[in-house]
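Input: a single structure, listed below in structure tokens.
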Amino acid sequence: MKLTINQEYLKRHLFVTILMLGLGAWFAYDGIVTYPRMSAAELYTSIEKSAPPEDMTTEALAQFKDQKTKTQYGFALLSLLAGAIVGTNLLKSYRFSFEYDDALNMVINGKKYTKDDIAEVDRAQWKSKKIAVLKMKDGAKVTLDAWHHNGVLNLETLV
């Protein structure tokens, strides 16, 4: 038997990855292209939906533009970072390979193990989240998460 990626998990996390990367690109485009092309007064009007106050100095408008541009850079960085983190974790889950038979002979990411190679099973999160961690005698740690992979619940006798 082989664990497979949970399609609901895959779709949700892929959506979040695409959304965050898309938002990051949008924010970066605004900060790098759109905002620099606009005058400070145009940017103020675009964001605030009204003309700048008459007593607002040119220097204050320039500071407003600078602050809003830096904000776009910050949003871009945070969005791209979030997309990269979620996407990397999704890729890691997608590439995880776990095969086993009825005797609990296992092939984990290409490496063969037997039931006797398991030093400990951490069941602390099994009841609440259906997550178990196998600690192997060679020092490897394998996290089995039923939200990430179909087939983990079939290992209930192990965990």
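Remember, predicted model here, so these are calculated numbers, not experimental data. If you read the sequence from its start, that first residue is 1, and numbering goes on from there.
- Taking each heavy atom of Gly151 and Tyr100 in turn, the nearest pair found is O-OH, 3.5 Å.
- Each of Leu134 and Ile131 belongs to its own hydrophobic cluster when Ile, Leu, Val, Met, Phe, Trp and Tyr are linked at side-chain heavy-atom distances under 4.5 angstrom.
- The list of salt bridge (Lys or Arg N to Asp or Glu O under 4.0 Å) pairs with a residue in residues 67-91, not counting sequence neighbours, reads Asp66-Lys70.
- Residue Phe75 places its CZ atom among 12 or fewer non-hydrogen atoms of other residues, nucleotides or ligands, all under 6.0 Å distant.
- Residues Leu80 make up the rest of the hydrophobic cluster containing Leu21, defined by ILVMFWY side-chain heavy atoms closer than 4.5 Å, directly or through other members.
- By the criterion of side-chain heavy atoms lying less than 4.5 angstrom apart, applied directly or through intervening Ile, Leu, Val, Met, Phe, Trp or Tyr residues, Ile5 is grouped together with Trp147 in one hydrophobic cluster.
- Shortest non-hydrogen contact noted between Pro36 and Ile32 is CG-O, 3.3 Å.
- Side-chain atoms of Lys137 come within 3.5 Å of backbone N or O of Asp116 as a donor-acceptor pair.
- In this view, Arg37 and Tyr29, Val33 satisfy the side chain to side chain contact (heavy atoms under 4.5 Å, CB included) rule, not counting sequence neighbours.
- Ile47 is connected to Met38 through a chain of hydrophobic side-chain contacts under 4.5 Å among Ile, Leu, Val, Met, Phe, Trp and Tyr, so both are in one cluster.
- Inspection of the Glu42 and Ser46 side chains reveals no N or O donor paired with an N or O acceptor under 3.5 Å.
- Using a distance-only test at 3.5 Å, with no hydrogens or angles considered, a donor-acceptor pair links the side chain of Asn109 to the main chain of Ser97.
- Side chains of Tyr113 and Asn105: no donor on one and acceptor on the other come within 3.5 Å.
- Hydrophobic clustering (side-chain heavy atoms under 4.5 Å, transitive across Ile, Leu, Val, Met, Phe, Trp, Tyr) keeps Phe27 apart from Tyr35.
- For the pair Met106 and Ile118, the tightest heavy-atom approach, listed with the atom from each and the gap, is CE-CD1, 3.7 Å.
- Placement of Leu153 and Leu155 within a single hydrophobic cluster is found when ILVMFWY residues are connected by side-chain heavy-atom separations under 4.5 Å, directly or transitively.
- Asp122 has no carboxylate O lying under 4.0 Å from a charged side-chain N of Lys141, or vice versa, which leaves the two without a salt bridge.
- Taking all atoms of both residues into account, the shortest heavy-atom contact from Val107 to Lys112 is CG2-CG, 4.0 Å.
- Shortest non-hydrogen contact noted between Ala40 and Leu61 is CB-O, 3.5 Å.
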